[in-house]
Each structure stands twice: as structure tokens, then as C-alpha cells.
S.K.: 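Attaching a single structure in C-alpha cells format; questions to follow.
Here is the naming used below: chain letters follow the sequence lines, and residue numbers restart at 1 for every chain.
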Amino acid sequence: MTEDLNQVMKVRRQKLEDLRARGVEPFAYRFQRTHKASEARNLFEERERGGLLDADGFGPVVRVAGRIRSFRAHGKTAFAHLEDDSASIQIYFRKDILGEQAFEVVLDLLDLGDWLGVEGGLFRTRMGEVTVRVASFQVLSKSLRPLPLGKVEEDAQSGQRIVHGDFTDLEGRYRQRYADLAVHPEVREVFRKRARIVSALREFLDEEGFLEVETPVLQPLYGGASARPFVTRHHALDRTMYLRIADELYLKRLVVGGFEKVYEIGKDFRNEGIDRFHNPEFTMLEFYQALADYQDMMELVERLLVRVADRSLGTRVFHYQGEEIRLTPPFRRLRFLEALGEALGSDPLDLPERELRRRAESLNLPELEGAGRGKLLDKLFGALVQEGLRQPTFVMDYPKELSPLAKVHRQDPRLTERFELIIAGQEVANAFSELNDPLDQRRRFEEQTGLRARGDEEAQLMDEDYLRALEYGLPPTGGVGIGVDRLVMLLTDQPSIRDVILFPVLRNVE
RNA sequence: GGGCCGGUAGCUCAGAUGGUAGAGCAACGGACUUUUAAUCCGUAGGUCGCGGGUUCGAGUCCCGCCCGGCUCACCA
């Protein structure tokens, strides 16, 4: 590492040497902690209420550890805050307790950002804060690079946390997520919530009797969605391979195999634009249930979302970017054609492709080359209807061209039995009664091949092995895909997908 | 990919009309035995995203590029 060291880093390296010169190991092996910060505070307050403090107002001795978050020296005493993953707690150093040598280490060789373990009695300061009076301490890890720490002020009345000079540069925060996390407890909380959401998804599906499976990420042929793939090469096999864009076709193969309820939570990869709602790799949940149709799946999705909200938020009513969202079943059902017809002023299926294209062009929707009827309808729907769907809404019964893997609608052969769940204008789930007629599926693939020939790069590929599986017999099956990152954004009130992905994709900088 | 905005000290930011870079916090030295954005005195710290150009002189003006944010598009 030949990087220039700035002044602060040079000083810290010097302190590292000084610590060693005094026989203090700056990178400890372990520390026996008795309490987390929040536990220590609770313990003290409990004893205090019970009148169990000693004559000098001291409670029990605890051993706490964390990162030094603030430091205030006052000559022969010093105050600091140690932050761990539960909270932060104030610690108090006194020269007369620690002795000259140790106190010198505190004043001269500790820095903000260092990991420190301390042992001492709990008491309440004159200003009312529960504090550890340090009897001994151990340097756990010397921080050699200054963290972008803001200065935290706590509003005495509201208890609100005000940070001065906070680390706000988004690029820096995404590129160095470790620093972002280290200085922002609220960012850590978003990702804890994400973990709870994913756990709740698993818990619900497990309870419902779904089997969790893992299907290939690296695939000889991609499919199950309309998207451009990442292409790679296997050297030993000397062949092109693709990162999956969806789990769908493999999961349905498993239903053919006799697993009647399966699900997978995993990464999909789509080689497309990056923005607030799209990261090239993202987390997808897909689940499939034999003998069920899309109506059954709507009901299941309602129950699943309610469970996830209960488990992760403790409420079914929450705010997303200032807007109240109510996850209270039954969600609204809206037919795709009726909604679009209302917006267009006539039945979309009666309009010739030429007219649809004219309407789309008049809305300034570009990139229409190669778009067939289906894509035109979808674009018009996206532009005219979807944004306005704020509360949870199942949009149902999509045109056939749009859904090459969905079963034809039992009452209208121009449609498929498919729904998308829209919340706050964003697609959260996509589902259908799965197409299980192998002959029809072959025709649909052929139509896609036609679209591809017209220039639609996202049209789906013929998958002979999948067709063979269908020929063995796929029972009636309902299937659902849920974009986990989008769901997490909603439930954690985050404006960008980058805020719910720990290490989002960014361009490289040299 | 288009449009708009931005990149100045470790962090947050200020630098009218071009004159050779500043503040707060962090750091360093000193004072201070219950402070909490501690306070007080002092010190140090910058390839102004990168590369060209105009000019006696560029953080500032011009051109190109890199990176980011928002937005439109893309994205079932």
C-alpha cells in the first residue's frame, strides 16, 4: 500500500507504536463482555428503581465494549461514549483511579473510532446520564483511519439525535458501506429490518408447507423473464453460460418432479440500466404451488404481506415517503384492460396496433421500435395507470402477448390469468396460473422468437428441456415472484434500492 | 443513452465581477477532577475530480473526459 498517509493517519500510526512501546497490545484477541450498552443502562436503572445502589450511588460493575464515538478530556478526567450494536453508553475516566500511566494512555493514545473494552461500576452523572466509571480498560483495536464521524447532539427535550457534519456524501457512503454503517446506527437498522423481512418470508412459506430449494444461478440457457442477461464463459466446458434472470423455469421443473410447493430466495441478474429501482443483481423470491390458480395466489400473497409487516414493523399501516400505505386485505382488484380502457377512452383490444403506437408516441414514449401489441399495451399501462395505484392493488388479466408463461384466461382467450401487485406505484409481485400445456407453451415460445426477430432483445428463448419437462405433466400450478429489495424499500421507507442493498453496483474508479 | 445539478482539508461546507484558498468539526500542543456539538488559548493540514486551452495570472472562463445524485427512457 503506497497510498499517501495524511497527517491524521501518520499520527495514529505513531500512537500504535507508542502503545506497543508501553506494552499495550493495540489489537486484542478477545474481550469478555458482560453487558451490551443498552443492557448495562437497563441494569442500572432497574437497580436504581429498586433502591439497590450502594451509599455512593454506584450500581454493579460491568464490562462493556464498543467503538469510541465521542471524547471529552478535562485535565484529570475524561468522558467518552462507547457504541456497540445495541446503543452507546458513556464512560468516565479518572486519573486518580486509573493511575498516571494508564490515564496517560487514555489522553494521549486513544482516538475516536478505536475499539475499547472497559470494566467499571455504573453510576449516574450530575447531568443525569448513566455512565461506567472505568476501573480498567483494554484497547481492542486501534483505528488507523479516521472515520467520517459527525458530532452527535441529543436534543434534551425531544431526545432527537442531531448530527453535525454528518457523513452524507452518497457516493462515499455506497462505496465505503463499512464506514457508512460504522457511523450511522439508523443505516444498520435498515439492514436489520431487511433481515427480519427475509426471515418472515421464510417463516411464512415454511409454515405453509413450502420446500426451500436452490436452483442454478449459472445456466446454459436463461429464461423465465424478459431481460438481457449477463454472459460468461465456462473454460473447461468451453461454452457460454448465463447468470439467471429468473428462477421460474427451474422451479416449475421441480413441480413436475413432484415437489408440490417450492420456493427460492436468491439473486437474479439483469444486464440493464441502474437507477433508483434497479440494481443489476437483486433478490427475488419465487414460490409455486401445485393445484392452485392465480386467485389462490392472490389470497396467499395477501396473507404473506400481512405476516411480513406484522413481523418486521409490528403494524400493517405504514408510511412510504410521506404517504400512508395500508396493507389491509382484501387488496383492491383491478382488471388490466378495464383500467387501461378507461384511460384510453376505448377498449384497448379493439384498437389496431397502428393506433396503439400512435397513442404511445403522442405520450412521448420512445423506444417503441420492435414493440408488438403487448409491449405497446404494457407501456401505455405503465404511463397512464400504474403510477396512480398507491394502495395495494392487484392488476389482473394481462394480454396474452405480454405473458408467454401464463395460462390463457378461462373466460377470455385474449388474456392470461396473471396479476401484478402494485404498491405506491411500484410492482411488488408478479404471478400467474402457470401455463402447463406443453403444446401451447411451444407456440408461445415461437411467438417470442418472432418478436425477437423483429428486434425485441428481451423476448424469451425457446427452451426445449423445459418443454420436455412440461410434456411429462405439470399439474395446475400457481406461481408468484416478489422483488425482495422493492418490498424492503417499502417497509423501511427508503427512496432508493441502493439504500437496501449493502453493496450496490457502482462504476469503478481507479 | 438524454436533460438538470454536483465533485474544494479526514467530515460538512463557503469561496460576486479571473489576482494565487477559508470556516466549523476532527487532528496536534497547552489549561481544566461530573462533561456531553464541553470550554478557552495556540498550531498544522489542500495534486481545488482528471487532462487540455484562453490569460501576465484559473477553484473561478472555454473544451474534452471520469465519478456521483435527481430525472426521462429502459426495466413484466
S.K.: Could A:Lys36 and A:Asp84 be called an ion pair, given the rule that one side-chain N must be under 4.0 Å from one carboxylate O?
M.R.: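 A salt bridge is absent here (no side-chain N lies under 4.0 Å from a carboxylate O).
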S.K.: Which parts of residues 333-344 of chain A get close to RNA chain B, meaning a heavy atom less than 4.0 angstrom away?
M.R.: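 Residues of residues 333-344 of chain A that come under 4.0 Å of RNA chain B do not exist, since none gets that close.
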S.K.: Give a yes or no on whether a salt bridge exists between A:Lys407 and A:Glu434, defined as a side-chain N under 4.0 angstrom from a carboxylate O.
M.R.: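 No.
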S.K.: Counting any heavy atom closer than 4.0 Å, what does A:Leu506 reach on the DNA or RNA strands: base, sugar-phosphate only, or nothing?
M.R.: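 Sugar-phosphate contact only - A:Leu506 comes under 4.0 Å of backbone atoms but never of a base.
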S.K.: Please classify the nucleic acid contact of A:Arg498 as base, sugar-phosphate, or nothing, using heavy-atom distances under 4.0 Å.
M.R.: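 Sugar-phosphate contact only - A:Arg498 comes under 4.0 Å of backbone atoms but never of a base.
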S.K.: Calculate the interatomic distance between A:Ile274 atom CD1 and B:rC72 atom P; express it in whole Å.
M.R.: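 That distance rounds to 17 Å.
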S.K.: Should the side chain of A:Gln90 and the base of B:rU35 be counted as holding a donor-acceptor pair, with the cut-off at 3.5 Å?
M.R.: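 Result: at least one qualifying N/O pair found.
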S.K.: With A:Arg67, which residues qualify under salt bridge (Lys or Arg N to Asp or Glu O under 4.0 Å), at least two apart?
M.R.: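 Partners of A:Arg67 under the salt bridge (Lys or Arg N to Asp or Glu O under 4.0 Å) test: none.
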S.K.: Are the charged groups of A:Arg228 and A:Glu272 less than 4.0 angstrom apart, N to O?
M.R.: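 Here A:Arg228 does not pair with A:Glu272 in a salt bridge, since their nearest N and O are not under 4.0 Å apart.
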S.K.: Taking any heavy-atom pair under 4.0 Å as a contact, classify A:Tyr92: base, sugar-phosphate, or nothing.
M.R.: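 Base contact.
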S.K.: What is the separation between atom NZ on A:Lys95 and atom P on B:rU34, rounded to the nearest whole Å?
M.R.: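 The distance from NZ of A:Lys95 to P of B:rU34 comes to 14 Å, rounded to the nearest Å.
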S.K.: Sticking with atom P, work out how far B:rC50 lies from B:rC70, rounded to a whole angstrom.
M.R.: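 The same atom, P, in both gives a distance of 24 Å.
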S.K.: Could you identify the nucleotide paired to B:rU47, looking across every strand shown and requiring Watson-Crick or G-U wobble geometry with both distances under 3.5 Å?
M.R.: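 The base-pairing partner of B:rU47, which may sit in any strand shown, does not exist here.
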S.K.: For A:Glu427 and B:rC74, what is the distance between atoms CD and P respectively, to the nearest whole Å?
M.R.: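 Between P of B:rC74 and CD of A:Glu427: 15 Å.
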S.K.: Does A:Arg358 pair with A:Glu353 as a salt bridge, N-O distance under 4.0 Å?
M.R.: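 Answer for the salt bridge query: no.
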S.K.: Tell me whether A:Arg124 at atom CZ has more than 12 heavy atoms from other residues, nucleotides or ligands lying less than 6.0 Å away.
M.R.: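 Check passes, neighbour count above 12.
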S.K.: With rounding to whole Å, what would you report as the distance between B:rU60 and B:rG2 at their P atoms?
M.R.: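 After rounding to an integer number of Å, I get 24 Å for this pair.
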S.K.: For the pair made of CZ in A:Arg69 and P in B:rU36, what is the distance, rounded to whole Å?
M.R.: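 After rounding, the reported distance stands at 18 Å.
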S.K.: Going by an N to O cut-off under 4.0 Å, is there a salt bridge joining A:Lys142 and A:Glu17?
M.R.: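 Looking at A:Lys142 and A:Glu17, the cut-off is not met.
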S.K.: Within 45° of the axis and under 6.0 Å from the centre of the six-membered ring of A:Phe445, does NZ or CZ of A:Arg442 qualify?
M.R.: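 That pair does not qualify as a cation-pi contact.
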S.K.: What do you reckon, is CD of A:Glu186 surrounded by more than 12 foreign heavy atoms closer than 6.0 Å?
M.R.: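 Yes - once you tally the heavy atoms of other residues, nucleotides and ligands closer than 6.0 Å, there are more than 12.
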S.K.: Base, sugar-phosphate or nothing for A:Gln426? Non-hydrogen atoms, less than 4.0 Å.
M.R.: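 Contact class for A:Gln426: none.
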S.K.: Rounded to whole angstrom, note down the C1' distance from B:rG19 over to B:rA31.
M.R.: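 Straight-line distance between the two C1' atoms is 41 Å.
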S.K.: A:Glu154 near the nucleic acid: base, sugar-phosphate alone, or nothing, with a heavy-atom cut-off under 4.0 Å?
M.R.: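 The residue A:Glu154 makes no contact with any strand.
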S.K.: Salt bridge check, A:Arg161 against A:Glu154: does any charged N sit closer than 4.0 Å to a carboxylate O?
M.R.: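 So A:Glu154 does not pair with A:Arg161 through a salt bridge.
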S.K.: Heavy-atom contacts under 4.0 Å between residues 242-250 of chain A and RNA chain B, which residues?
M.R.: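 Here the set is empty: none.
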S.K.: So does A:Arg126 reach the base of B:rU34 with its side chain, donor to acceptor, closer than 3.5 Å?
M.R.: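 Looking at the base of B:rU34, it does not pair with any donor or acceptor on the side chain of A:Arg126 (distance under 3.5 Å).
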S.K.: Nearest heavy atom decides the nucleotide; on that basis, is A:Arg72 or A:Gly75 closer to the 5' end of RNA chain B?
M.R.: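 Looking at RNA chain B, the more 5' nearest nucleotide goes with A:Gly75.
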S.K.: Using a 4.0 Å heavy-atom cut-off, does A:Pro404 contact any base of the nucleic acid, only the sugar-phosphate backbone, or nothing at all?
M.R.: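 Base contact - A:Pro404 has a heavy atom under 4.0 Å of at least one base atom.
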S.K.: Considering every strand shown, what is the Watson-Crick or G-U wobble mate of B:rC25 when both distances are under 3.5 Å?
M.R.: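 B:rC25 is paired, partner B:rG10.
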S.K.: With A:Glu323, which residues qualify under salt bridge (Lys or Arg N to Asp or Glu O under 4.0 Å), at least two apart?
M.R.: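 Testing A:Glu323 for salt bridge (Lys or Arg N to Asp or Glu O under 4.0 Å), a comparison that skips the adjacent residues, returns A:Arg390.
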S.K.: Out of B:rU34, B:rU33, B:rC67, which has the shortest distance to the side chain of A:Phe79?
M.R.: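 Minimum distance to the A:Phe79 side chain belongs to B:rU34.
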S.K.: What does A:Thr125 touch in the nucleic acid at a heavy-atom separation under 4.0 angstrom: a base, only the sugar-phosphate, or nothing?
M.R.: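 If one applies the 4.0 Å heavy-atom cut-off, A:Thr125 turns out to touch a base.
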S.K.: Kindly label the base of B:rA21 as syn or anti, based on whether its glycosidic torsion lies within 90° of 0.
M.R.: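 Base orientation: anti.
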S.K.: For a side chain to side chain contact (heavy atoms under 4.5 Å, CB included) check, start with the C-alpha distance between A:Phe167 and A:Arg173, then their side-chain angles and the critical distance, and finish with the verdict.
M.R.: CA-CA 8 Å; A:Phe167 181 41; A:Arg173 290 178 48 206; 3.5 Å; yes
S.K.: Indicate, with a heavy-atom threshold strictly under 4.0 Å, whether A:Asp96 touches base, sugar-phosphate, or nothing.
M.R.: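 Base: the residue A:Asp96, judged by heavy atoms under 4.0 Å, touches a nucleobase.
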S.K.: Rounding to a whole Å, what distance do you find between A:Ile497:CD1 and B:rC70:P?
M.R.: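 It works out to 12 Å between those atoms.
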S.K.: It should be established whether A:Arg418 places a side-chain nitrogen or oxygen under 4.0 Å from OP1 or OP2 of nucleotide B:rA76.
M.R.: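 Indeed not, no polar side-chain atom of A:Arg418 lies that close.
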S.K.: What nucleotide, of B:rC13, B:rC32, B:rU36, holds the atom closest to the side chain of A:Thr168?
M.R.: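 The nucleotide sitting nearest to the side chain is B:rC13.
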S.K.: Any strand counts, and the cut-off is 3.5 Å on both contacts for Watson-Crick or G-U wobble. Which nucleotide pairs with B:rA31?
M.R.: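 Looking at the geometry, B:rA31 pairs with B:rU39.
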S.K.: Considering only the P atoms, how many Å lie between B:rG10 and B:rG69, rounded to the nearest integer?
M.R.: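 B:rG10 and B:rG69 have their P atoms separated by 22 Å.
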S.K.: I'd like the C1' distance from B:rC67 over to B:rG51, given in whole Å.
M.R.: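 The same atom, C1', in both gives a distance of 15 Å.
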S.K.: Expressed in angstrom and rounded to an integer, what is the separation of A:Arg276 atom CZ from B:rG69 atom P?
M.R.: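 One finds 12 Å between P of B:rG69 and CZ of A:Arg276, rounded.
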S.K.: Any base atoms under 4.0 Å from A:Val163, or only sugar-phosphate, or nothing? Heavy atoms, all strands.
M.R.: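 Nothing: the residue A:Val163, judged by heavy atoms under 4.0 Å, touches no strand.
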S.K.: A cation-pi test, strictly: NZ or CZ of A:Arg418 under 6.0 Å from the centre of the six-membered ring of A:Tyr398 and no more than 45 degrees from its axis. Yes or no?
M.R.: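 Here A:Arg418 passes the 6.0 Å and 45° test against A:Tyr398.
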S.K.: Round to the nearest Å and state the distance from A:Leu107 atom CG to B:rU33 atom P.
M.R.: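 From A:Leu107 CG to B:rU33 P: 11 Å.
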S.K.: Please work out if A:Phe277 contacts a base, only the sugar-phosphate, or nothing of the nucleic acid, heavy-atom cut-off 4.0 Å.
M.R.: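 Nothing, no nucleic acid heavy atom in range.
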S.K.: Just one of A:Arg13, A:Arg145, A:Arg12, A:Arg69 clears the salt bridge (Lys or Arg N to Asp or Glu O under 4.0 Å) bar with A:Asp111, so which one?
M.R.: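 Of A:Arg13, A:Arg145, A:Arg12, A:Arg69, salt bridge (Lys or Arg N to Asp or Glu O under 4.0 Å) with A:Asp111 is met by A:Arg12 alone.
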S.K.: Report the residue (A:Asn430 or A:Arg124) whose heavy-atom-nearest nucleotide on RNA chain B is the more 5′ of the two.
M.R.: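 Counting from the 5' end, the first nearest nucleotide belongs to A:Arg124.
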S.K.: With 3.5 Å as the limit, what N/O pairs link the protein to nucleotides 22-25 of chain B?
M.R.:
from	atom 1	to	atom 2	distance (Å)
B:rC25	O3'	A:Lys151	NZ	2.7

S.K.: Taking only the P atom of each, what is the distance from B:rC32 to B:rA58 in whole angstrom?
M.R.: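 Comparing P positions in B:rC32 and B:rA58 gives a spacing of 50 Å.
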S.K.: Give one of base, sugar-phosphate or nothing for A:Gly57, where a contact means two heavy atoms less than 4.0 Å apart.
M.R.: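 Touches nothing.
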S.K.: Say you pick atom C1' in B:rG59 and the same atom in B:rG18; how far apart are they, in whole Å?
M.R.: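 Result for the C1' pair: 10 Å, nearest Å.
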S.K.: Which whole number of Å gives the distance between the C1' atom of B:rC56 and that of B:rU20?
M.R.: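 Looking at atom C1' only, B:rC56 and B:rU20 are 13 Å apart.
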S.K.: Do A:Asp166 and B:rC11 have a side chain to base donor-acceptor pair shorter than 3.5 Å?
M.R.: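 It does not, because no donor-acceptor pair links the side chain of A:Asp166 to the base of B:rC11 below 3.5 Å.
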S.K.: Dump the pairs, protein N or O against N or O of nucleotides 27-31 of chain B, anything under 3.5 Å, distances to one decimal.
M.R.:
from	atom 1	to	atom 2	distance (Å)
B:rC28	OP1	A:Lys15	NZ	2.3

S.K.: Atom CG of A:Asp169 and atom P of B:rG68: how far apart are they, to the nearest Å?
M.R.: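 These atoms are roughly 11 Å apart.
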S.K.: Out of B:rU35, B:rG68, B:rU71, which has the shortest distance to the side chain of A:Arg175?
M.R.: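 So the nucleotide nearest the side chain must be B:rG68.
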S.K.: Under 4.0 Å: is that the gap between some side-chain N or O of A:Arg507 and OP1 or OP2 of B:rG68?
M.R.: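 For B:rG68, OP1/OP2 do have a side-chain N/O of A:Arg507 under 4.0 Å.
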